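Being a predicted model, the structure only gives us computed values, none of them experimental. Chain letters run A, B, ... following the sequence lines, proteins first, then strands; residues in each count from 1.
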Amino acid sequence: MNVRGEIIEVREPREVSTQYGERSLAELVIRPDPNGSSPPSGAANSDRSTAAVTPEPTTVTLWGKWTHTAEHAQAGMELLLTDAEENEYQGNVGYTTSKNSYVVLEPGFLVNVTDVRSWVQCPRMYYLNKLSGIPLNYPVAKGTIVHEVFGDLLRGRDLEESIDERVAEAGLELGLLGREAEEVRDEVRRNAAAIEGWLSQGTLTEEDDWRSEYTLISPTFGIKGRADALRRGAPVELKTGKNTKRDPRFQDKIQAACYALMLEERGVPADTGTLLYTKNTALDRNEATGDLSPAKEFSVGSGLLDFVVRQRNEIAAMEFDSSVPTGYEADAKCEYCFEKDTCMVVAGRLGQESKAGAIGQAVPEEEREYFDRFYRALEEERRETHTEYRKLWEQTAAERADADRALVNLDPQGRRQIEGGRWELRAKKPGDAVSKLREGDVALASDGDPVEGHAELCRIRKLGGTAGDEVVVTVDEPLSLRRLDVYPSEISVDRMLTALHDAVLKGSEERKDVLFGRRAPAFSGETRTYIDNNAAQNEAVNLATRAEDCALIHGPPGTGKTYTIARTIRALVDRGDRVLLSAFTNRAVDNALEALREQGYGDSAEQSSAGNRTQSDYVVRFGTENGVREDMQDLRLVKEGEPNDRAAELNGASVVAATTSSCGSRPMREQSFDVALVDEASQLTEPNTLAAVNLADRFVLVGDHQQLPPVVRAENDLTESLFERLIEAYPDASVMLDRQYRMSQRIQAFASAEFYDGALRPATGEVAGQHLSGLGVDVDDLPPEIRDPVAFVDPDGSRAGNTNPREADRVAELVRAYVDAGVDPDDIGVIAPFRAQVAEITRRVDVTVDTVDRFQGSSKEVVLVSFVATDNMDGPIFEDTRRVNVALTRAKKALVLVGDASALESDPFYGRMLDWARR
DNA sequence: TCTCTGCGGAGAGGA
């Protein structure tokens, strides 16, 4: 049986005499989790009836080599013991390890296979890889291409066709690395020859069954990864580096053993692993000690699997309290390590202990403190992401579907092989099924069980379609498409971590002086008139152009933020600056680009045809095909093609527009700018902002900290934006746009008073006095309760979960009243705090209905807000009043608050809002 | 069960 629970005490390991002689053991005391203990396989949920009783602490005895794991265990960690034996010692009943047991620390912490690999090489290397990311370099780029070609060959694709396409796909990266396509194709061809030779060597018989790219997630061992290939059920890893030894490298074996471990968990054990070294040149192959085959097979014994688990436990234990490895944990030799310099520099700069030693001047105390604080915050965020993975197996299909995390009960509609040997799978989804999944997302496609069944990472090509129930995905290997799950990603955390690293360890001293409060931002140069009808906007452009370090533009709702951004960019480019335009969302990036184009800059007509851009005065949109809006696709940098052309296109652009997340990608990390201008800065975590800021000498942040803050999973330092921190530290480096072009006087009054000290005012009398009559509506045609431009309606509903059906009915009635009075449905928007209520209202009306969070950045002539709450305003969603600011400031001419009067009155803030609405 | 956008998912290798 399996035993699982929280560790409450760890006792010293000791030697004891047994009938087999001297043996070591370690005892742990755990509080068993009644749901976690289960028979070794299958029926995990069979004994849930015992859940009601809180179990007594139990002693777990770890024998032999598992005492190693006990040495890393701490109270508070979760422990999983598989194949446990019940035992009784001196009257106490407990559990011990058996011959087949594994001991797993923090099984919910999901370690990547490559992380286990690098940890085995050296724990410091694991840390350094995580911290600084792997930069753009040729061996890695080439390795990636060879892997892709390998997969293509296994799927039966023509070699030359595969090489041509895969090299072309890597065009941008290769170009940035200064490589010619033909040279790369030749090299890939040489590597592929080794693969092909082996494939056709007779090693393979008719019974050989192959599959490529196998995704595995292990709930038991807390490991996830993707094997290059399986041959007769055993893992095959391709390595394009040099290995002139007879045996595979140890860390390569560890990698294959990780996959073998996960296969064993699925009941299909593999007792061998194969490493395929394609090597570089014929010369290298001759050096191979008599062994001409690129393939090296090795046996995967239980000792190796145990070792892998123990190594993985070391990582989980290290991450449990976010501590930093020193290198002494392993016996790697620093003198031969090619990361030695980096290792020593990081150690020296951050004041860390390192086996390799430390060089360089430590960064000031406050920077180290900052680094540590954000490092912990980001690791905490990573752990929250891991709980999302865990739900893949802890929740039932129905629970996943209810949480909008999966589409279940899909009806497979067939498959076909597409270009490149890959597959297109089709299915129908139950008509009313909704989820967070969107077209273009990477998701986990499965036959119904994403963890124990057959699952593949896929790309969603179509969701909905004209019939509304169509699902189309593409995958490397075919399966019966019955379920689609959100696949959580750590990319965001990884990129924030590298941005933090770059900011503290690579950032210029001048910028760090400002970031760490040692010096106020400086300004210089002449003041000019850029915008003649709005003093604050003009001041904002001047602040940005005169900034020597940074400028902060505070843009409340409707104040012409986007216009000001476009004008600023133009001013900067006109004087010769190279500018990075960034924002949190693709939508904001494209909006800013649109404004730039409206001002006559960067229009595609002006840009010469792609590949022939010689003048450096054009705009490039850097982003994914799905992320970039249709009308900006012509500016989008296509990464595929002739390396030199692709690189020249990016390098030559005087304005590059990309999300902050993209700024953390490898090609973008190679770019440099004079100025980074970041929109939606108040919605960005500090490390996210740094990803853009790191790429430029100076930066301009645009945002409104009175609107929504960053969305993060963990409660920590990430919730305050850099924008907010700096605007509080340096009010003199900021300007607030104080004239709004959106709301009538009556509508803006509450927000202005509550959030902007009354400083937000209508830009013109026309804006202030706008009214529904401007839409050709006779107010007398409306029901009396909504004739005032700001109205309150209490439908006397009651909250049920995150919905309020009666309130939804009332909202629908009011929407119809507006439409009947002549308001165009396109001019009406409905806002609700919860997605469930959004769905409830959407069923009743045919106008835009969305959450507050998704409405940020847009506006409507008429807005209705459904508050849902009854009884009181408790709950996190209502506590952050900035959300209300956003909701109330979306309306131009009419605003209706729909909610429960007594609940709203129970809170001072909402009470004031009610007084204003009822005035 | 609060809100949620990004991102090639992970891994690609160097002596």
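Among the atoms of the strands shown, only primed sugar atoms or phosphate atoms (P, OP1, OP2) are found under 4.0 Å from some heavy atom of A:F834. Using a 4.0 Å heavy-atom cutoff across all strands shown, A:E339 reaches at least one base atom of the nucleic acid. At a threshold of 4.0 angstrom between heavy atoms, the contacts of A:D880 with the nucleic acid are absent. Contacts of A:G875 with the nucleic acid, taken as non-hydrogen atoms under 4.0 Å apart, are absent. Among the atoms of the strands shown, none is found under 4.0 Å from any heavy atom of A:T660.
Atom pair A:R799:CZ and B:dC2:P shows a separation of 9 Å (rounding to whole Å applied). For the pair A:I877 CD1 and B:dC4 C1', the interatomic distance rounds to 10 Å; values are reported in whole Å. The distance from atom CD of A:E237 to atom C1' of B:dA10 is 11 Å, rounded to the nearest whole Å. Look at CG on A:L497: it is 17 Å from C1' on B:dG6, rounded to the nearest Å. We find that CE of A:M668 is positioned 11 Å from P of B:dC7, with the value rounded to whole Å. To the nearest angstrom, C1' of B:dT5 lies 9 Å from CD of A:Q683. Remark: P of B:dT5 and CD of A:E388 are 14 Å apart, rounded to the nearest angstrom. Atoms CD (A:E187) and C1' (B:dG13) sit 12 Å apart, rounded to a whole Å.
Close to B:dC7, at under 4.0 Å from its OP1 or OP2, lies no side-chain N or O of A:S489. Phosphate contact (OP1/OP2 of B:dT3, side-chain N/O of A:Q856, threshold under 4.0 Å): absent. Between A:R117 and the phosphate of B:dG11, there is no side-chain N or O to OP1/OP2 separation shorter than 4.0 Å. Proximity of A:S662 to the phosphate of B:dC7: a side-chain N or O atom is located under 4.0 Å from OP1 or OP2. For the pair A:Y277 and B:dG13, the criterion of a side-chain N or O lying under 4.0 Å from OP1 or OP2 is not met. For A:K239 and B:dG13, the shortest distance from a side-chain N or O to OP1 or OP2 is below 4.0 Å. For the OP1/OP2 pair of B:dA12 and a distance below 4.0 Å, the side-chain nitrogens and oxygens of A:Q255 include at least one atom meeting the criterion. Side-chain nitrogen and oxygen atoms of A:S661 include none within less than 4.0 Å of the OP1 or OP2 phosphate oxygen of B:dC7. Phosphate contact (OP1/OP2 of B:dC4, side-chain N/O of A:R835, threshold under 4.0 Å): present. For the OP1/OP2 pair of B:dA12 and a distance below 4.0 Å, the side-chain nitrogens and oxygens of A:Y138 include no atom meeting the criterion. A:T851 has a side-chain polar atom (N or O) that falls below the 4.0 Å cut-off from OP1 or OP2 of B:dC4. Taking 4.0 angstrom as the limit, A:S492 places none of its side-chain polar atoms (N or O) nearer than this to OP1 or OP2 of B:dG6.
Ion pairing of A:K296 with A:D252 is absent here, as no side-chain N (NZ or NE/NH1/NH2) approaches a carboxylate O to less than 4.0 Å. Classification of A:E237 and A:K253 as a salt-bridged pair fails, no side-chain N sitting under 4.0 Å from a carboxylate O. Ion pairing of A:D871 with A:R799 is absent here, as no side-chain N (NZ or NE/NH1/NH2) approaches a carboxylate O to less than 4.0 Å.
Residues A:P833 and A:K639 each lie close to DNA chain B; by heavy-atom proximity, the contact nearer the 5' end of the strand is made by A:P833. Looking at which nucleotide of DNA chain B each of A:R854 and A:P139 is closest to, the 5′-most match is held by A:R854.
Remark: A:N591 engages A:R629 in a side chain to side chain donor-acceptor pair (under 3.5 Å) (not counting sequence neighbours).
Closest approach to the A:F338 side chain among B:dG8, B:dG11, B:dA15 is made by B:dA15 (side chain taken as heavy atoms from C-beta onward). You'll find that the side chain of A:R713 is closest to B:dT5, out of B:dC7, B:dT5, B:dA10. Closest to the side chain of A:M125, from the set B:dT3, B:dT5, B:dG14, is B:dG14. In the set B:dT3, B:dG14, B:dC7, the nucleotide with an atom closest to the side chain of A:N586 is B:dC7.
In this structure, A:E625 places its CD atom where only 12 or fewer heavy-atom neighbours from other residues, nucleotides or ligands lie under 6.0 Å away.
In this model, no donor atom of one side chain and acceptor atom of the other lie less than 3.5 Å apart for A:E490 and A:T385.
When A:H147, A:E148, A:K142 are each tested for a side chain to side chain contact (heavy atoms under 4.5 Å, CB included) with A:T144, only one passes: A:E148.
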